[in-house]
Structure formats: C-alpha cells, structure tokens
Amino acid sequence: MAESRKERKEQRVVIVGAGFAGFNAARELSRLIGATTEIVVINSTDYFLYLPLMPQVSGGLLEPAHILVSLAERLRKMRFVLGTVDHIDPKQKTVSWTGPEGAAGQLGYDRLILTVGSVNKLLPIPGIADYAHGFRSINEAMYLHDHILRQLELAAVAADPAERAARCTFVVVGAGYTGTEVTAHGQRLTTRLARVLPGLAGQEIRWMLLDLAPRVLAELDPRLSKTAERVLRRRGVEVLTGESVAEALDGSVQLTTGDKVLTRSLIWCVGVRADPLVDGVDLATNRGRLEVDETMAVPGAPGIYACGDCAAVPDLTRPGEICGMTAQHAQRQGRLVARNVAASLGKGTARPYEHRDLGFLVDLGGLAAAANPLHIPLSGPAASAVTRGYHLTAMSGNRMRVLTDWTLNGITPPEPTALAAIRADSVPLDVNKPQA
C-alpha cells in the first residue's frame with residue numbers, strides 16, 4: 001500500500017488496537033492534536049466492544065449489536081485500517097498488518113501506541129483447548145447464548161437420561177468477574193427456557209462454578225464476594241471453591257477432587273494474558289506484558305508507548321506492583337497516554353499514571369448485584385441500579401438501545417431463540433488466534 005509523504009500531516013501517530021485503551025487514546029489524541037497530526041487506528045474489527053456487558057448478551061438480555069460501537073462512526077477525523085498487525089519494526093519505525101481478505105499493508109510512524117489488549121489464558125490441563133470455549137469476544141458470547149438454548153432444546157427430546165443430564169449441566173471454570181456474571185445470567189436464561197419446554201419438567205438443570213481460589217470474586221472485598229455467592233447459591237448454583245477441572249473429555253470433565261461430571265458445556269473464564277503480538281515484538285516484557293515506565297513509554301524504544309492489558313503499567317498506589325487488567329485502568333490509561341504522546345510532540349506536559357480504583361460492580365441478573373462505588377458496599381436493587389447506571393455512563397454509544405433492552409426485558413421475558421450464526425469451530429479456545 002503505497003503512500004505519499006505529501007499527503008501526511010506534520011506527524012503520524014499509529015494506534016494498534018481499539019479496545020478500551022486504544023479507543024479512548026484515539027479520541028483524546030484527536031481532540032488534542034488532530035489538526036496537525038495524522039492519527040491512524042489499526043484494528044482487526046470495525047467496532048469497539050463494551051466487554052462488561054457481554055454476559056448479558058449470552059444471557060439473552062441485550063442484543064449483541066447494542067454493545068458494539070462503529071469505529072468509522074466514532075473516529076471520523078482519523079484514518080481507520082481494518083487489519084491485524086503481525087509485525088512491528090522499532091528500528092525502522094514501521095507497522096505491518098494483514099487485512100481480513102489477505103491483503104498486506106505497512107505504515108511508518110512517528111509515535112506508536114500499542115493497545116492490543118488480551119486473549120484467553122490457557123492452563124496446562126488436558127483437553128481444555130479441545131472441549132472448552134472462552135468468553136473474550138462478541139462471537140463467543142453469541143455462541144454461548146445459542147449453545148445454551150440448543151442444549152436444553154435437545155435435552156427436552158432426549159430419551160437417554162445420561163444424555164439429558166449432560167445437556168442440562170453447565171460447568172464454568174473461573175469465579176472472577178466474568179465467570180461469576182456468566183454463571184448468574186446463564187442460570188437465569190436456563191430457568192426461563194425450562195418453563196416453556198414441557199420435556200424438561202422435573203429435570204434438574206445444574207450450573208457449576210469452579211475456582212481454585214478460596215472464595216468467589218477473590219480479588220474483591222469479602223463482603224461483595226459473600227453477596228455474590230449467596231445470590232448464586234440461592235438460585236441453585238453449585239459454587240465449588242478450592243476445586244477446578246483436572247481434565248476435559250468428550251462429554252464430561254474430571255474434577256480435581258476425582259469426581260466425573262457429565263456435561264456438553266465447559267465455559268473457560270480463568271483469566272487473560274497479553275495478546276500474542278507482544279511475544280513477537282522485540283521489546284522487554286514484565287510478567288508477559290510490555291514493560292513501560294510510569295508515563296507508559298517503552299524504555300529503549302523511542303516513540304513507542306503501550307497501555308491497557310498488554311502493558312505492565314506501574315501501579316504507583318502500590319509500589320512494586322503493576323496495574324490489573326481491568327477496563328477501568330485501560331480506559332484511563334488510554335486517555336493519559338494520548339496526553340503524554342501529545343506532550344512528546346510539543347503539546348502539554350507528560351504525567352505519570354496514577355489511579356485509585358473507584359470501586360467494582362458485579363451484575364448478577366434481575367435486581368441482584370454486588371457493588372462498592374467509592375468503596376461503599378451495596379447489594380440488591382440499589383447495587384443493580386448503580387451498576388447499570390455506571391454502564392450507561394461509561395458506554396461510548398447505544399445507551400438508549402441498551403436501556404430499551406433492559407426496560408422491555410424487564411416487562412416481558414426475552415424471546416428464547418437461537419440464530420445459530422456462530423459455529424463452535426469458529427470460536428476455538430486458541431490464544432494464538434484471538435477472536436474479535
């Protein structure tokens with residue numbers, strides 16, 4: 001893809017990735033120096049995904065498109081490139097990518113911001129890559145929703161009791177934010193569907209939430225953890241802490257306790273790791289993430305910055321530690337890295353990243369939630385209102401569509417239908433081929 005230097009503005013900033021960090025960095029950069037600087041955003045999809053609401057997509061409460069925001073629409077003053085970056089040359093200051101139909105491209109840069117995010121983290125457990133599905137992309141959320149419906153519909157007409165039990169058993173590994181919310185919304189979905197399938201009358205529908213940690217949401221305040229566990233147990237979820245999967249098989253899983261569970265549904269929510277692109281870049285890493293200083297500049301690589309899940313940004317509020325992989329950090333780091341890049345180009349002054357968390361929110365479906373905004377512990381309807389209010393505020397678009405979904409589905413039950421548009425083989429649990 002040839003380019004003319006005459007067509008360029010004074011400087012060019014290339015942003016790789018358009019998740020929470022990259023999307024916010026692009027918008028802030030455009031505001032600060034868009035008039036004099038060419039801003040190029042390269043991303044493998046043409047949308048920004050609001051990840052925190054994905055469990056509500058798999059649970060049938062929100063339409064998938066309503067948590068997506070068009071990059072072309074929101075980044076109008078920038079150049080958007082649809083492609084996956086596969087090579088970065090810090091010495092030549094070039095970025096190479098491959099488009100969705102195989103065409104290759106290359107761009108030079110004056111400043112580079114790496115915000116490639118993260119992918120599912122695998123553990124060395126036999127069978128996991130073959131039989132489990134992750135939960136990091138909108139495709140995976142859509143697949144899980146349809147898969148849950150399909151399993152119950154097939155169970156309703158199955159003559160073999162063992163097959164019925166397997167199809168009505170859902171095993172979620174990882175009791176952090178994602179696993180807890182996926183379990184909570186998934187259990188409510190199966191409860192709604194069981195009411196309209198006469199063939200499931202009297203059939204037990206099992207949801208199992210496993211984690212080696214001593215409690216659910218181990219990274220949060222114990223009070224929030226107890227609230228979430230209490231809600232899940234009240235709904236019949238089997239919360240098994242101190243346990244995990246030892247082996248995944250075709251039609252069953254072996255637990256670390258030795259128990260064998262018949263299931264056709266293994267959902268992997270154990271955690272994330274930096275995007276594989278980080279491994280292929282000749283730059284220093286810290287705990288698998290790109291090493292950066294407190295201004296998010298990469299040491300020894302002039303002009304390169306990194307933030308979000310792919311970067312080990314020092315946590316100045318906890319000396320010696322690095323910031324966690326959360327949307328809250330990524331969003332704020334994206335805005336600040338934009339200001340720091342602008343400062344390196346003569347606009348403003350660079351500042352170190354320092355952010356004290358504002359609390360955490362866990363939506364458990366219905367009127368149940370656990371939250372501690374500004375470290376004030378809440379549960380029940382109050383926590384649910386705060387949680388949903390925060391999401392509406394934090395979203396970059398589609399607020400009315402999401403609010404409408406919540407309102408309509410609060411009045412009438414969602415339609416339990418599966419489009420079956422996403423095949424199982426299109427959402428493999430393979431970190432070397434991250435999904436959009």
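Worth saying up front: this structure is predicted, and the values here are computed from it rather than measured.
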Undergrad: Sequence neighbours left out, what pairs pass side-chain hydrogen bond (donor to acceptor under 3.5 Å, both in side chains) with at least one residue falling in residues 338-349?
TA: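 For residues 338-349: E28-R339, R111-S344.
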
Undergrad: Looking only at non-hydrogen atoms, find the nearest pair between C310 and A274 and report the distance.
TA: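 The answer is CA-CB, 4.0 Å.
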
Undergrad: State, without any angle test, whether T191 and Q187 hold a side-chain donor-acceptor pair at a distance under 3.5 Å.
TA: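 There is such a pair (donor and acceptor under 3.5 Å, judged by atom type) between the side chains of T191 and Q187.
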
Undergrad: If you look at every heavy atom in I422 and Y143, which pair is closest and at what distance?
TA: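 Closest pair (atom of I422, atom of Y143, distance): O-CD1, 3.5 Å.
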
Undergrad: Can you confirm whether more than 12 heavy atoms, excluding those of R388, are under 6.0 Å from its CZ atom?
TA: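 More than 12 heavy atoms, drawn from other residues, nucleotides or ligands, come within 6.0 Å of this atom.
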
Undergrad: side-chain contact (heavy atoms from CB on, under 4.5 Å), that's the test. Do D146 and R150 meet it? Break it down for me.
TA: CA-CA 6 Å; D146 290 356; R150 179 69 53 82; over 6 Å; no

Undergrad: Answer yes or no: is there a side-chain heavy-atom contact under 4.5 Å between Y305 and V292?
TA: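 In short, these two side chains do not touch, never coming nearer than 4.5 Å.
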
Undergrad: Using only atom types and a distance under 3.5 Å, with no angle test, would you say the side chain of H391 pairs donor to acceptor with the backbone of L53?
TA: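 Flag not set: sc H391 to bb L53 has no pair under 3.5 Å.
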
Undergrad: Under a 4.5 Å cut-off applied to non-hydrogen side-chain atoms, are L277 and I88 in contact?
TA: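 The answer is yes; the side chains approach within 4.5 Å.
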
Undergrad: In this structure, are over 12 heavy atoms from other groups packed under 6.0 Å from R401 atom CZ?
TA: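 Atom CZ in R401 is not packed in, count stays at 12 or less.
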
Undergrad: With distance as the sole test, does R215 use its side chain to make a donor-acceptor pair with the main-chain N or O of A218 at under 3.5 Å?
TA: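 Confirmed, R215 side chain pairs with A218 backbone.
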
Undergrad: Kindly determine whether D275 and S118 satisfy side-chain contact (heavy atoms from CB on, under 4.5 Å), including the steps that lead there.
TA: CA-CA 5 Å; D275 187 279; S118 56; over 6 Å; no

Undergrad: Taking the six-membered ring for Trp, are F48 and F23 parallel (under 30°), tilted (30 to 60°) or perpendicular (over 60°)?
TA: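 Rings of F48 and F23: parallel, as their planes differ by under 30°.
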
Undergrad: Enter the distance from L345:CG to E10:CD here, rounded to the nearest 0.5 Å.
TA: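 Output value for this atom pair is 9.5 Å.
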
Undergrad: Rounded to the nearest 0.5 Å, how far apart are CD1 of I148 and CZ of R264?
TA: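 Spacing of CD1 (I148) from CZ (R264) equals 15.5 Å.
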
Undergrad: How close do R273 and D279 get, counting heavy atoms only, and between which atoms?
TA: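 Minimum heavy-atom separation between R273 and D279: NH2-OD2, 2.6 Å.
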
Undergrad: What are the two closest non-hydrogen atoms of L144 and S58, and how far apart are they?
TA: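 Nearest pair, atom of L144 first, then S58: CD2-CB, 4.0 Å.
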
Undergrad: Run the side-chain donor-acceptor check on residues 240-251: report pairs under 3.5 Å with partners two or more places apart or on a different chain.
TA:
none

Undergrad: State whether D89 and K91 are salt-bridged, where the test is any N-O pair (Lys NZ or Arg NE/NH1/NH2 against Asp/Glu carboxylate O) under 4.0 Å.
TA: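 Salt bridge between D89 and K91, a charged N being under 4.0 Å from a carboxylate O: no.
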
Undergrad: Give the table of side-chain donor-acceptor pairs shorter than 3.5 Å for residues 65-73, with sequence neighbours excluded, one pair per line with atom names and distance.
TA:
unit_1, atom_1, unit_2, atom_2, d
H66, ND1, D405, OD2, 2.7
S70, OG, A72, N, 3.4
S70, OG, E73, N, 3.1
E73, OE1, R76, NH2, 3.1
E73, OE2, R76, NH2, 2.5

Undergrad: Quick one: are the ring centres of H329 and F20 less than 6.0 Å apart?
TA: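 They do not qualify: ring centres at least 6.0 Å apart.
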
Undergrad: Working to the nearest 0.5 Å, report the span between CG of L336 and SG of C307.
TA: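 Here the rounded value is 8.5 Å.
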
Undergrad: Would you say the side chain of V253 lies within less than 4.5 Å of the side chain of L255, judging by non-hydrogen atoms?
TA: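 In short, these two side chains touch, coming nearer than 4.5 Å.
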
Undergrad: Hey, does the side chain of R289 reach the backbone of D309 with a donor-acceptor pair shorter than 3.5 angstrom?
TA: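 Yes: the side chain of R289 pairs with the backbone of D309.
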
Undergrad: Hey, is the main chain of D363 close enough, under 3.5 Å, to the side chain of T387 for a donor-acceptor pair?
TA: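 Side chain of T387 to backbone of D363, a donor-acceptor pair under 3.5 Å: no, none is there.
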
Undergrad: Kindly indicate, with the supporting measurements, whether the criterion side-chain hydrogen bond (donor to acceptor under 3.5 Å, both in side chains) is fulfilled by T45 and N43.
TA: CA-CA 5 Å; T45 66; N43 197 55; 3.1 Å; yes

Undergrad: So, do E354 and T317 sit near enough that their side-chain heavy atoms are less than 4.5 Å apart?
TA: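 Result yes, sub-4.5 Å side-chain heavy-atom pair found.
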
Undergrad: Just so I know, are the side chains of R332 and Y353 near enough to count as touching, which here means a heavy-atom distance under 4.5 Å?
TA: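 R332 vs Y353: side chains touch.
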
Undergrad: Go through the side-chain N and O atoms of T295 and D293 and say whether any donor and acceptor fall under 3.5 Å apart.
TA: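 Their side chains do contain a donor-acceptor pair, which is all the 3.5 Å distance test asks for.
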
Undergrad: State whether the number of non-hydrogen atoms from other residues, nucleotides or ligands found under 6.0 Å of R351 atom CZ is greater than 12.
TA: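 Not buried by this count: 12 neighbours or fewer within 6.0 Å.
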
Undergrad: Regarding E163 and R167, does a basic nitrogen lie under 4.0 Å from an acidic carboxylate oxygen?
TA: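 Salt bridge present between E163 and R167.
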
Undergrad: Could you go step by step and tell me if I125 and I128 meet the side-chain contact (heavy atoms from CB on, under 4.5 Å) rule?
TA: CA-CA 6 Å; I125 298 175; I128 287 295; 3.5 Å; yes

Undergrad: To the nearest 0.5 angstrom, please state how far the NE2 atom of H185 sits from the CG atom of L189.
TA: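 It comes to 11.0 Å.
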
Undergrad: Any side-chain to backbone donor/acceptor pair from N286 onto E291? Under 3.5 Å, distance only.
TA: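 Absent.
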
Undergrad: Side-chain contact test, heavy atoms from C-beta onward, threshold under 4.5 Å: evaluate it for L112 versus V95 and give yes or no.
TA: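 SC-SC contact between L112 and V95 confirmed.
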
Undergrad: Will you find, in the side chains of W97 and Q106, an N or O donor that is under 3.5 Å from an N or O acceptor?
TA: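 No, no side-chain donor-acceptor pair sits under 3.5 Å.
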
Undergrad: For R318, does its backbone N or O pair with a side-chain atom of E321 as donor and acceptor, under 3.5 Å?
TA: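 No; judged by distance alone, with no hydrogens or angles, the pair does not exist.
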
Undergrad: Any chance you could measure M395, atom CE, to L403, atom CG, to the nearest 0.5 Å?
TA: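 One finds 10.5 Å between CE of M395 and CG of L403.
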
Undergrad: When you check the gap from the basic side-chain N to the acidic O, do R206 and E238 get nearer than 4.0 Å?
TA: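 So R206 pairs with E238 through a salt bridge.
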
Undergrad: Do T94 and Y109 have side chains that get closer than 4.5 Å, going by heavy atoms?
TA: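 The answer is no; the side chains never approach within 4.5 Å.
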
Undergrad: Ignoring hydrogens and angles, tell me if any N or O in the side chain of D110 forms a donor-acceptor pair with the backbone of V13 under 3.5 Å.
TA: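 No, the answer is negative, given that no donor and acceptor are paired below the 3.5 Å cut-off.
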
Undergrad: To check you understand the geometry: which heavy-atom pair defines the closest contact between V41 and A26, and what is its length?
TA: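 In this case the closest contact between V41 and A26 is CG2-CB, 3.8 Å.
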
Undergrad: Roughly how far apart are C269 SG and L210 CG, rounded to 0.5 Å?
TA: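 Reported to 0.5 Å precision, the distance equals 11.5 Å.
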
Undergrad: Show the nearest heavy-atom pair for residues L217 and L224, with the distance to one decimal.
TA: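 Looks like CD1-O, 4.4 Å.
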
Undergrad: So does A104 get a backbone contact from the side chain of T98, meaning a donor-acceptor N/O pair under 3.5 Å?
TA: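 It does not hold such a pair.
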
Undergrad: After noting the C-alpha distance and the side-chain angles of I322 and V313, does the key distance pass the side-chain contact (heavy atoms from CB on, under 4.5 Å) rule?
TA: CA-CA 5 Å; I322 59 177; V313 179; over 6 Å; no

Undergrad: Please check: side-chain N/O of T115 versus main-chain N/O of G17, any donor-acceptor pairing under 3.5 Å?
TA: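 Side chain of T115 to backbone of G17, a donor-acceptor pair under 3.5 Å: yes, one is there.
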
Undergrad: Side chains of M208 and V237: does their closest heavy-atom pair fall under 4.5 Å?
TA: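 No, every pair of side-chain atoms sits at 4.5 Å or beyond.
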
Undergrad: With no hydrogens and no angle check, do the side chains of H355 and Q328 hold a donor and an acceptor under 3.5 Å apart?
TA: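 Their side chains do contain a donor-acceptor pair, which is all the 3.5 Å distance test asks for.
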
Undergrad: Determine yes or no for a side-chain-to-main-chain donor-acceptor pair under 3.5 angstrom, with R79 supplying the side chain and V40 the backbone.
TA: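 No: the side chain of R79 does not pair with the backbone of V40.
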
